[in-house]
Amino acid sequence: SQTIHQWPATLVQPVGSPLSLECTVEGTSNPNLYWYRQAAGRGLQLLFYSVGIGQISSEVPQNLSASRPQDRQFILSSKKLLLSDSGFYLCAWRDSLNTEAFFGQGTRLTVV
Amino acid sequence: GNSVTQMEGPVTLSEEAFLTINCTYTATGYPSLFWYVQYPGEGLQLLLKATKADDKGSNKGFEATYRKETTSFHLEKGSVQVSDSAVYFCALLGYNFNKFYFGSGTKLNVKP
């Protein structure tokens, strides 16, 4: 069966520090991968998605970047965090066998 | 373009009351439609889905029917429980099968 791992679960980082959030998927090949952000009390904002290794589509110009170094690994990064980067970050995947997306448990990022 | 609009929350109901959360969409082509549920501090879980017009998705007593003529996918449950308290998201998968579009979420509070 397929599983998705996202870590860390919570993170507190100072303004100006770097960020690296990792997401891996098991049990499937060549999935579509997604990073979403959910600000407090708000909906989901699509940040990046990828349909293959090394292929990244950016939805919102901002302080973040994404990379897909392996087929089932998706990394969200920042060189210098801003206060406005605080939020709940969710990784998700979808493959050709399913129409629905499957989500990780999320990372609660607080920038102080 | 593609977008999802769902009713503003929070929605507060007493246990065993009838629930409706409205969702309408705008899409190019024929999207797939979904309802996801998010419990506090967790990622999103798929609640139900419908992939073509007139399909009815159902799960755990929740139902939603894909209405192409009204571009709607309203979520209903005949008798809510306290354990149904969560945030509910309506979503669509665009015709190119790459991007998911989410509504802003509706928080449901069920009181005993």
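Chain identifiers are assigned alphabetically (A, B, ...) following the order of the sequence lines, protein sequences preceding nucleic acid strands; residue numbering begins at 1 within each chain.
- Cluster membership for B:F89 and B:L93, using ILVMFWY side-chain heavy atoms within less than 4.5 angstrom, is shared.
- For the pair B:Y36 (side chain) and A:F102 (backbone), a donor-acceptor distance under 3.5 Å is absent.
- Per-residue heavy-atom pair counts under 4.5 Å with chain A were compared for B:G43, B:G105, B:A91, B:G103, and the maximum is reached by B:G43.
- The number of heavy-atom neighbours closer than 6.0 Å to CD of B:E8, taken from other residues, nucleotides and ligands shown, is 12 or below.
- The ring of A:Y36 has its center closer than 6.0 angstrom to the ring center of B:F102.
- Side-chain heavy atoms closer than 4.5 Å link hydrophobic residues (I, L, V, M, F, W, Y) into clusters, and following such links, possibly through other members, connects B:F62 to B:V37.
- Residue B:Q6 does not touch chain A at all, counting heavy-atom pairs closer than 4.5 Å.
- A:F103 and B:L44 make their closest contact through CB-O, 3.4 Å (heavy atoms, listed as atom of the first residue, atom of the second, distance).
- Hydrophobic clustering of Ile, Leu, Val, Met, Phe, Trp and Tyr side chains at less than 4.5 Å, counting indirect connections, unites B:Y66 with B:M7.
- At a threshold of 4.5 Å between side-chain heavy atoms, the hydrophobic network of Ile, Leu, Val, Met, Phe, Trp and Tyr places B:Y25 and B:L75 in one connected group.
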Could you please spell out the steps behind the side chain to side chain contact (heavy atoms under 4.5 Å, CB included) verdict for A:R94 and B:F100?
-> CA-CA 10 Å; A:R94 188 186 76 83; B:F100 288 85; 3.4 Å; yes
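- In this structure, the separation between CD on A:E100 and OG1 on B:T51 is 10.0 Å, given to the nearest 0.5 Å.
- One distance of note links CD of A:Q38 with OG of B:S104; it measures 10.5 Å at 0.5 Å rounding.
- Other residues, nucleotides and ligands contribute at most 12 non-hydrogen atoms within 6.0 Å of the CD atom of B:E16.
- In terms of heavy atoms, B:E42 sits closest to A:F88 at O-CE2, 3.3 Å.
- Taking both residues in full, the closest heavy atoms of A:T99 and B:S32 are given as CG2-OG, 4.0 Å, listed atom of the first, atom of the second, then distance.
- Under a hydrophobic clustering in which Ile, Leu, Val, Met, Phe, Trp and Tyr are joined whenever their side-chain heavy atoms come within less than 4.5 Å, directly or via other members, A:V51 and A:L47 fall into different clusters.
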